[in-house]
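Convention: sequence-line order gives letters A, B, ...; per-chain numbering from 1. These numbers were taken from a predicted model, which means no experiment stands behind them.
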Amino acid sequence: MRTLKIPNPVQLKNSTALSKFPCFSHHPTRSFNNVLPIDPLLSEKNPQRAFIGLLKSISRRSPAPSLLEIEFLHCKTIKASFIGNTNVGNGILNLYVKYGSIGFAHALFDEMLQRDALTWTILLSAYSRIGNHELSLGLFSTMLADKVFPNHFTLACVLKCCINLNDFEMGREVHGWILRNGIELDVVLQNSIMEFYAKFGAFECVKRVFGKMIERDVVSWNIMISLYLQIGDTNRSMELFRLSPFRDVSSWNIVINGHMQNELHSRALQLLYEMVNLGCRLNQFTLSISLVLAGRLVMLELGQQIHGQVLRTGFGHDAFIKTSLIDMYSKCGKMEVSKAIFNGIHQCTYYDGLVSKDILWSSIIAGYVQNGRSEDAIELFRRMLREGAKVDKFTLTSIAAACSDAGLLEQGRQMHACFEKLGHGFDVFLTSALTDMYAKCGSMQDAHKTFDSTSVRNVVSWTSIIGSYALFGQGREVIELYEKMLEENILPNEISFVSVLSACSHSGLIEEGQRYYKSMQEDYGIVPGVEHFTCMVDLLGRAGLLDQAKEFIQENKISHHSAVWRALLAASRVHNNIEMAIYSSEHLSRLEPYDVGSFVLLSNTYATQRNWMESSRMRNLMACRGISKQPGKSWIQLKGELHTFIVGDRLHPRADEIYFYLENLLVKLKEMGYSSRIDMVLHDLEEEQVESALNFHSEKLAVAYGIISTPCGTPIRVMKNLRICVDCHVVFKYISQATGREIILRDAHRFHCFKDGRCSCGDYW
DNA sequence: CTAGGGTTAG
């Protein structure tokens with residue numbers, strides 16, 4: 001007979017020291033004599049059997065027995081010399097495992113003189129449950145060497161270990177062993193075998209086992225149903241679902257979740273309604289997945305209804321459900337509610353004993369990041385570290401995105417290094433987020449290094465590096481990378497094209513942009529969405545082809561999208577075309593009467609033409625409608641500290657120095673030939689005031705502060721929440737020349753790298 | 001057998 005190739009049989013420790021059970025020496029025997037009726041049992045005809053019955057009932061008792069009670073029982077069995085009985089030993093062993101004390105369980109296991117299949121199975125399944133699958137398999141191997149014949153539970157557990165260890169070969173060996181040893185195949189074992197093959201995508205094997213089954217149950221059918229969902233064959237899975245004689249809650253959960261996984265959210269919603277209408281009871285799984293569904297569809301009311309159902313059914317303390325609730329409210333933009341739920345978590349039942357609070361942390365942090373509240377997310381992350389929660393790749397991915405938004409290069413770098421030190425494995429999500437983070441923080445070297453170190457690249461990895469170069473306006477590199485991606489047989493998605501098209505637009509590659517727009521539809525069958533239309537309007541508009549852009553909007557019948565008008569309006573402003581600006585802003589304000597951008601852009605366009613009447617009329621209208629402009633702010637990070645500036649503000653402790661330096665510098669720049677672009681000032685002011693308003697724009701303050709606080713030659717990295725002003729753009733070119741400093745500025749759309757009197761954007765933006 | 005958190009653009 002061939003033996004199983006199971007690694008590392010476990011060396012059992014045969015120790016006899018009871019000192020492994022520290023409470024033994026001073027055991028409070030008296031305190032349990034009333035609660036646990038041991039002594040009367042001992043006078044029964046068959047005290048051992050009675051004792052075994054007691055152990056069984058205690059293991060099912062709620063609340064579960066305390067460690068002291070278990071040790072008390074253990075003590076009693078020794079005193080009554082029952083411990084040599086395998087069934088008694090198994091009973092106590094089971095209690096230790098249920099209590100979660102594997103160390104004590106293993107110590108008892110070592111002391112047992114006779115171990116049967118149950119003894120081994122209790123211990124090895126305990127190890128598997130805490131995630132130590134190797135040890136579990138090692139015990140299995142020792143068990144076989146000890147000539148103890150495994151039962152169905154042992155084998156099912158071993159197959160689970162093979163799934164968790166991703167060890168297909170081992171699982172096949174186990175299956176072979178089962179067949180060779182003529183183990184009778186019952187439903188449970190056959191289901192385990194099916195599940196094993198299903199997890200490894202060995203569809204034919206699953207079907208063969210299912211086909212041969214004489215008796216099938218819900219689980220067998222469910223595995224078949226999920227098998228088809230796994231490969232995206234929703235039709236076939238629904239056929240089986242309708243055919244199944246055992247359709248119950250779990251089957252419904254599987255089809256609903258399966259459709260969600262295949263991105264068929266509205267179909268999933270239909271199924272949920274059908275399930276409810278049939279009067280099917282919703283269990284905790286249903287509630288959890290339907291909350292996720294409500295979040296993805298941004299259906300707040302549905303989410304609230306399910307929340308009500310959660311409270312009614314008493315699942316409010318389930319940790320899984322709490323995470324789903326946090327996720328749902330975050331996705332619906334209700335961060336206050338998410339936060340309240342998160343803060344109310346003290347006593348949630350950790351379902352299955354495997355749920356940890358780390359996931360709750362990561363889900364609330366993700367919520368803040370998704371709602372654009374990076375500072376709050378980072379603050380929460382610090383609290384999480386203080387409270388000793390474990391940082392995993394999920395949290396770190398969100399934090400990387402938060403650092404991208406806030407432009408915090410140093411924090412991002414620290415977290416990256418910290419994570420690498422922990423020795424976590426490679427992850428596509430994380431490396432994509434890090435690539436993006438480094439790029440958005442201005443370090444293309446780090447972004448490229450991260451991308452190069454990405455061993456398994458998918459569309460997202462490629463799209464993030466492509467988007468990074470697009471951010472720096474390096475259209476040629478973007479096109480090169482895009483072609484490289486195609487060479488590696490990675491199919492571009494909608495987002496890849498947004499990056500490519502916006503890069504073309506930012507680099508003035510008009511023909512290329514139009515070619516890729518065509519290729520997207522013809523070669524990849526991607527139907528252009530608002531984002532692509534907007535890129536095209538932007539592409540034409542930036543190039544000054546305003547009429548063509550307008551025609552593009554009409555031809556594609558997209559005049560109901562505000563974004564395309566916003567792009568045209570922005571282009572009209574850059575090219576000072578007041579008629580087109582008015583035309584597009586009329587459309588824009590009809591579509592979005594409360595949109596800040598439309599007012600600001602139009603009012604600015606009027607202002608540029610020095611039409612103060614119209615400009616101020618626009619601003620008054622904004623005030624009437626209660627719209628306020630997002631204040632422009634710029635920030636710079638020095639020695640780990642963030643310095644934020646708004647136009648003309650003197651709040652900074654070194655404000656006097658900053659202003660003094662800036663004023664002198666501007667005099668010098670004028671000698672070099674600079675003159676103020678006063679046409680960029682947005683209010684009707686006297687000439688002198690105009691100039692001073694311009695001179696102290698937030699980005700100028702931040703750059704000046706950077707120069708006076710760092711040694712000569714250090715590059716200056718500044719972030720701005722809005723687009724850079726035209727005058728500042730001119731000034732920074734002069735400054736880079738006059739001071740020999742490199743100025744790297746990230747605005748709302750892209751990077752501008754000023755060096756030796758020139759900007760990387762080539763003034764095309 | 002079935003459940004929760006993450007990436008890319010605008």
What's the closest nucleotide to the A/D327 side chain, out of B/dT7, B/dG4, B/dA9? B/dG4
If you look at every strand shown and take non-hydrogen atoms under 4.0 Å, does A/S226 touch a base, only sugar-phosphate, or nothing? nothing
Nearest to the A/S464 side chain among B/dA9, B/dT8, B/dC1, which nucleotide is it? B/dT8
Interatomic distance where CD1 belongs to A/I289 and P belongs to B/dG4 [whole Å]: 8 Å
Specify the separation, in whole Å, of atom CG of A/N283 and atom C1' of B/dT2. 8 Å
Regarding the side chain of A/A401, the nearest nucleotide among B/dG4, B/dT8, B/dG10 is B/dT8
Stacking check: are the rings of A/F285 and B/dA3 less than 5.5 Å apart at their centres and under 30 degrees in tilt? no
Phosphate OP1/OP2 of B/dA9 contacted by A/K440 side-chain N/O (<4.0 Å): yes
Quick note, salt bridge (Lys or Arg N to Asp or Glu O under 4.0 Å) partners involving residues 434-443 of chain A, not counting sequence neighbours, are A/D436-A/K440
Heavy atoms from C-beta onward define the side chain here; which of B/dT7, B/dA3, B/dG4 lies closest to that of A/T323? B/dG4
Looking at B/dG6, B/dT2, B/dA9, which one has an atom nearest to any side-chain atom of A/A366? B/dG6
Write down the distance between CG (A/L229) and C1' (B/dC1), rounded to a whole number of angstrom. 12 Å
Counting heavy atoms from C-beta on, name the nucleotide in B/dA9, B/dG5, B/dT7 closest to the side chain of A/E531. B/dA9
Mind checking whether A/H587 and A/W565 have parallel, tilted or perpendicular rings, split at 30° and 60°? parallel
Of the listed nucleotides (B/dG10, B/dT8, B/dG5), which one gets closest to any side-chain atom of A/I495? B/dT8
Salt bridge check, A/E195 against A/K199: does any charged N sit closer than 4.0 Å to a carboxylate O? yes
Scan A/S502 against the nucleic acid and name what it touches under 4.0 Å (heavy atoms): base, sugar-phosphate only, or nothing. sugar-phosphate
Classify the side chain of A/D427 and the base of B/dG6 as holding, or not holding, a donor-acceptor pair under 3.5 Å. yes
Which part of the nucleic acid, if any, lies within reach of A/V218 when heavy atoms closer than 4.0 Å are counted: base, sugar-phosphate only, or nothing? nothing
Tell me whether the ring of A/F429 lies stacked over the B/dT7 base, given a 5.5 Å limit on centroids and a 30° limit on the plane angle. no
Are the aromatic ring centres of A/F315 and A/H307 under 6.0 angstrom apart? no
Without decimals, in angstroms, what is the distance between A/D392 CG and B/dT7 P? 13 Å
Please state whether the base of B/dG5 and the side chain of A/S362 form at least one donor-acceptor pair under 3.5 Å? yes
